[in-house]
There are 2 protein chains.
Amino acid sequence: MTHALIASLRAAAGDMTPALARVAETVLAQPDATLRQSITELAEVSGSSEASVMRFCRDQGFSGFQDFKLALAKELATDERARDIGSPSDDIQRLVETAIISLRETEQLIVRKDVATASRKLLDASVVECFGIAASAVTAQYLAYKMTRIGKFSRALGDAHLAVMAAGTAQSGTVQVVISSSGSTIDAVRVADLARSKGAFVIGISNRSKSPLIAACDLALIASWPETPLTGGAFPSKISQLLIVDALVAEMTRQDPKRLVELSRTAEVVSDRSF
Amino acid sequence: MTHALIASLRAAAGDMTPALARVAETVLAQPDATLRQSITELAEVSGSSEASVMRFCRDQGFSGFQDFKLALAKELATDERARDIGSPSDDIQRLVETAIISLRETEQLIVRKDVATASRKLLDASVVECFGIAASAVTAQYLAYKMTRIGKFSRALGDAHLAVMAAGTAQSGTVQVVISSSGSTIDAVRVADLARSKGAFVIGISNRSKSPLIAACDLALIASWPETPLTGGAFPSKISQLLIVDALVAEMTRQDPKRLVELSRTAEVVSDRSF
DNA sequence: AACGATATGAAAAAAAACTCCAAAACTGAA
DNA sequence: TTCAGTTTTGGAGTTTTTTTTCATATCGTT
């Protein structure tokens with residue numbers, strides 16, 4: 001919560017403008033070196049300008065470069081333990097270790113207040129639609145399933161056309177959850193825009209904080225963007241999304257404890273389908 | 001080590017010259033306030049001069065005021081950290097920690113040889129069917145998606161009746177993957193039995209090693225069964241299943257590296273669906 | 001009191017941080 | 001394609017902060 005600087009930086013880096021992205025990469029590559037640099041030096045090393053570094057700091061929510069460096073110093077001071085662990089001897093171990101880092105980062109990225117707000121909206125919704133395509137369809141399905149388990153009807157839409165149609169009929173009581181790892185999937189943004197224009201409350205779940213999807217949402221929940229972006233990062237980013245889903249569901253049962261009763265009731269209903 | 005700076009400062013404060021001692025006292029009284037002050041402000045507040053503050057920093061072994069502030073920030077951060085650890089962790093933190101344990105356990109449970117065998121079978125299969133119901137449907141869908149990504153066609157069946165029908169038409173080249181967390185779901189076992197009787201190779205994924213499903217399979221892959229069985233355990237056991245799926249897919253690309261080419265090709269195909 | 005050594009702060013100099021603005025790059029529409 | 005409007009960007013200037021310099025004050029010793 002307090003020490004989410006590096007993680008949120010990585011989540012934001014992807015959708016920054018070129019100059020800002022260069023600054024972000026430079027900082028991420030050598031965070032400790034940044035501490036010893038002046039704004040002029042960092043501008044030079046990253047191939048941008050002082051003004052861009054300044055903008056970078058502001059965008060991250062700091063009052064200026066000084067403020068940013070102070071926060072970074074704090075982060076690095078506590079971060080020393082996270083660096084040692086991990087002797088990745090085989091593929092699966094490596095997968096597990098990156099997944100763990102990603103989960104921890106996501107835990108820090110999750111804004112508790114936003115989870116509470118989102119949960120409230122979901123509980124109060126007359127209709128809940130979950131949309132995700134490709135890999136994100138899995139997350140959407142998981143959310144819909146979990147909500148059904150606590151007696152809150154919702155459906156997952158894995159088809160872009162269906163989702164667009166559904167979004168088109170959204171009303172003010174509708175909550176539309178849109179999931180996209182990159183946050184740049186055209187269909188996802190379209191669904192978000194459309195649902196919002198119809199008066200629905202739109203919750204975005206993504207691994208990128210600065211993305212078209214997030215810009216189009218009423219509320220955004222960000223999962224960690226793992227260091228290894230290609231194949232190796234798919235699993236960590238996926239389970240980080242699922243963590244957010246579970247956080248939402250946990251919060252919903254906390255806000256409305258009688259949902260736990262629903263949970264055991266749904267368990268009863270399916271018990272005759274087991275040995 | 002933890003309080004190196006503050007401690008040595010307090011120790012040194014006694015026999016400093018008056019002006020420097022005032023600076024030291026001011027810093028010790030409000031270390032966190034110092035972080036937000038400029039050298040001029042600190043000089044003013046401590047009733048000394050900028051030059052004295054400068055000398056103070058140098059005497060402590062720092063190159064200047066900035067350097068001192070950075071070190072102080074780190075020190076205070078570790079303090080905050082220590083306080084955080086003592087405080088009761090919230091729901092999300094607890095979720096993450098149990099998930100981590102579960103992932104590590106699953107990594108231990110995964111029999112590498114079985115993963116290799118299963119991957120071989122999947123690669124050689126003429127048809128791959130993935131079946132999972134309720135929460136396990138998510139895992140099935142994830143597996144089907146990932147296999148499609150590496151150019152190996154497979155489909156997920158989330159409907160028990162459809163799955164039974166599909167299993168009934170299985171042949172010797174068919175690989176049937178059946179997922180059930182408890183391993184006791186009637187429909188899952190039925191699908192496994194039926195597919196096997198038709199000559200299919202049946203791979204079971206479950207969180208229970210001694211279960212009807214596992215007994216009915218040719219090969220079993222076991223994910224960890226977390227201690228907390230109710231709500232708290234659902235998330236860990238789910239992502240442990242996904243870990244197994246990713247382990248399978250990683251092994252498949254290892255055995256058949258040209259699959260990686262397929263991966264980037266599928267990425268290209270969908271790239272025009274992004275901004 | 002005179003001397004030398006140390007301590008101190010005012011002010012100048014240097015550096016760093018921050019702001020502003022016009023040029024460049026990019027966007028989408030005609 | 002051109003063109004208008006927007007966004008992005010870095011240069012140049014301004015302000016603030018840090019650092020150095022140096023003259024003066026202070027103190028202990030003889």
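Note that the structure is a prediction, hence the values are computed from the model and not measured. Below, read A as the first sequence line, B as the second, and so on, with proteins coming before strands; counting in each chain starts at 1. Hydrogens, waters and symmetry mates play no part in the numbers below; they use all other heavy atoms, side chains included.
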Using OP1 and OP2 only, check whether a side-chain N or O of [X] sits under 4.0 Å from [N].
X	N	answer
B:R22	C:dG9	yes
A:T17	D:dT9	yes
B:S49	C:dA10	no

Roughly how many Å is it from [atom1] in [X] to [atom2] in [N], rounded to a whole number?
X	N	atom1	atom2	answer
A:M16	D:dT9	CE	P	11 Å
B:L20	C:dG9	CG	C1'	12 Å
A:F68	C:dA16	CZ	C1'	17 Å
A:R36	C:dA16	CZ	P	15 Å
B:F62	D:dT18	CZ	P	15 Å
B:F56	D:dT18	CZ	P	14 Å

Taking side chain to side chain donor-acceptor pair (under 3.5 Å) as the definition, give me every residue that meets it alongside [X], ordered by chain and number, with sequence neighbours left out.
X	answer
B:S48	B:S46
A:S240	A:S102, A:T106
A:Q176	none

Check: protein-nucleotides 17-21 of chain C nitrogen or oxygen pairs below 3.5 Å:
unit_1	atom_1	unit_2	atom_2	d
C:dA17	OP2	A:I39	N	2.4
C:dC18	OP2	A:F65	N	2.6
C:dC18	N4	A:E50	OE1	2.7
C:dT19	OP2	A:R58	NH1	2.8
C:dT19	OP2	A:R58	NH2	2.6

Sub-3.5 Å donor-acceptor pair from the side chain of B:E75 to the main-chain atoms of B:L5, do we have one?
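Pair found, side chain donor or acceptor close to backbone of B:L5.
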Can you pull the salt bridge (Lys or Arg N to Asp or Glu O under 4.0 Å) pairs that have at least one residue in residues 53-68 of chain B, sequence neighbours excluded?
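Salt bridge (Lys or Arg N to Asp or Glu O under 4.0 Å) check on residues 53-68 of chain B returns no pairs.
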So if I apply the side chain to side chain contact (heavy atoms under 4.5 Å, CB included) rule between A:I203 and each of A:L122, A:D114, A:V178, which one comes out positive?
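One option only clears the test, and that one is A:L122.
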Using a 3.5 Å cut-off and no angle test, enumerate the donor-acceptor pairs between side-chain atoms of residues 23-34 of chain B and protein atoms at least two apart in sequence or in another chain.
unit_1	atom_1	unit_2	atom_2	d
B:T26	OG1	B:R22	O	2.7
B:T34	OG1	B:Q30	O	3.1

Could you list all the ring pair (Phe, Tyr, Trp, His ring centres under 6.0 Å) pairs where at least one residue sits in residues 17-43 of chain B, not counting sequence neighbours?
none
Under 3.5 Å, which donor-acceptor pairs link side chains of residues 192-201 of chain A to any protein atom two or more places apart or in another chain?
unit_1	atom_1	unit_2	atom_2	d
A:R196	NE	A:D218	OD1	2.8
A:R196	NE	A:D218	OD2	3.4
A:R196	NH2	A:D218	OD1	3.1
A:S197	OG	A:L194	O	2.6

Enumerate all atom pairs, one protein N or O and one N or O from nucleotides 22-25 of chain C, separated by less than 3.5 Å.
none

